Amino acid sequence: MSTTTRSGVEKQNPGQLNSVQLNIVTLINMERATDTGSLSDAMYMMDNSIGGKGQGTPSLETVCKQGQVINWIVRPIDMEKRLDGTWPPMPKINNIVFLDTELGDEEDVAERRIFNELKIYGMPDRVRDKYTPVYYYWAGTVMSTAKPGLYRYRVVLELEQEGKKERLYLNTSIHPSIRIIPT
């Protein structure tokens, strides 16, 4: 499908969103999350989707289409190298789990796949410097067979802790979601 614009340039698939990659950026207040053992009031999510809701909250709703690539990016709020030469602790996405849509099973894992090849792509530790943005990320493609609708998911984060070797694993208790709209 194509249309011709005023300038006479032919535009392919006007208004189509699935060729645009979406980024869901999550900032973590590491000190608050590790002190409280919770992501409540310590997690802030934003995206570049058109028509999404809940920017800056843990209940972000991202609007997407079938076949669209979504990148989940996570980083701490505090990114600056310290005066003692150390770097602040980092958060890492350990898993993203889509939840069931049936009434009463909302905390269970979804019975149908929503994404293809959802996995870790980022590994920042060796390139940390003041000029290079550092973060972990996951990426996946919305399945072409996913039905339009609202799909909530749980983010499982692995957090480094200040002065400890043990990692802290936290789940979102307020769940973000994607809204798949018809193509």
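Quantities reported herein were computed from a predicted structural model and do not represent experimental measurements.
- The CD1 atom of I24 sits 5.5 Å away from atom CE of M45, with the distance rounded to the nearest 0.5 Å.
- Between the side chain of S59 and the backbone N or O of I174, no donor-acceptor pair lies under 3.5 Å.
- Pairing each heavy atom of N71 with each of A139, the nearest pair is OD1-CB, 3.3 Å.
- Taking 4.5 Å as the limit, every side-chain heavy atom of P89 sits out of range of all side-chain heavy atoms of Q161.
- Among residue pairs with one or both ends in residues 143-153, those qualifying as side-chain hydrogen bond (donor to acceptor under 3.5 Å, both in side chains) are W72-Y153; sequence neighbours excluded.
- No donor-acceptor pair under 3.5 Å is formed between the side chain of N23 and the backbone N or O of V25.
- At a threshold of 4.5 Å between side-chain heavy atoms, the hydrophobic network of Ile, Leu, Val, Met, Phe, Trp and Tyr places Y44 and Y137 in one connected group.
- How far OH of Y136 is from CZ of R75: 14.5 Å, rounded to the nearest 0.5 Å.
- Closest non-hydrogen pair, M30 versus P76, comes out as CG-CB, 3.6 Å.
- Annotation: side chain of I114 is in contact with side chain of I180 (closest heavy-atom distance under 4.5 Å).
- Follow the hydrophobic side-chain contacts under 4.5 Å out from I77 and you reach I73 in the same cluster.
- The shortest distance between side-chain heavy atoms of I96 and F115 does not fall below 4.5 Å.
- In this structure, the side chains of L22 and Q68 come closer than 4.5 Å at one or more pairs of heavy atoms.
- Between V63 and I50 the shortest side-chain heavy-atom distance does not fall below 4.5 Å.
- Environment of CG in D41: sparse, with no more than 12 heavy atoms of neighbouring residues, nucleotides or ligands closer than 6.0 Å.
- The CD atom of E107 lies 9.5 Å from the CG atom of N171; values are rounded to the nearest 0.5 Å.
- No side-chain heavy atom of P148 sits under 4.5 Å from any side-chain heavy atom of I181.
- Annotation: side chain of T62 is not in contact with side chain of P176 (no heavy-atom distance under 4.5 Å).
- When only modelled atom types and interatomic distance are considered, T36 and S38 share no side-chain donor-acceptor pair under 3.5 Å.
- Side chains of T34 and E162 form no contact here, defined as non-hydrogen atoms less than 4.5 Å apart.
- No continuous path of ILVMFWY side-chain contacts below 4.5 Å connects M143 to I70, so the two sit in separate hydrophobic clusters.
- Heavy atoms of other residues, nucleotides or ligands lying less than 6.0 angstrom from CD of E31 number 12 at most.
- Within the structure, salt bridge (Lys or Arg N to Asp or Glu O under 4.0 Å) contacts touching residues 165-183 (residues at least two apart or in different chains) are E61-R179, E158-R167, E160-R167.
- Residues A33 and L170 come closest through the heavy atom pair O-CD1, 3.9 Å.
- The hydrophobic cluster containing L157 also contains M79, counting ILVMFWY residues as joined when their side-chain heavy atoms lie under 4.5 angstrom apart, directly or transitively.
- From R112, atom CZ reaches atom CG of D100 across 9.0 Å, with rounding to the nearest 0.5 Å.
- Of the possible polar contacts, none joining the Q21 side chain to the V69 backbone as a donor-acceptor pair under 3.5 Å is found.
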**Request:** Before giving the answer on side-chain contact (heavy atoms from CB on, under 4.5 Å), spell out for M43 and T26 the whole-Å C-alpha distance, their side-chain angles and the decisive distance to 0.1 Å.
**Result:** CA-CA 7 Å; M43 184 170 142; T26 302; 3.6 Å; yes
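- Every side chain to side chain contact (heavy atoms under 4.5 Å, CB included) that Q55 has, sequence neighbours left out, goes to M46, D47, L60.
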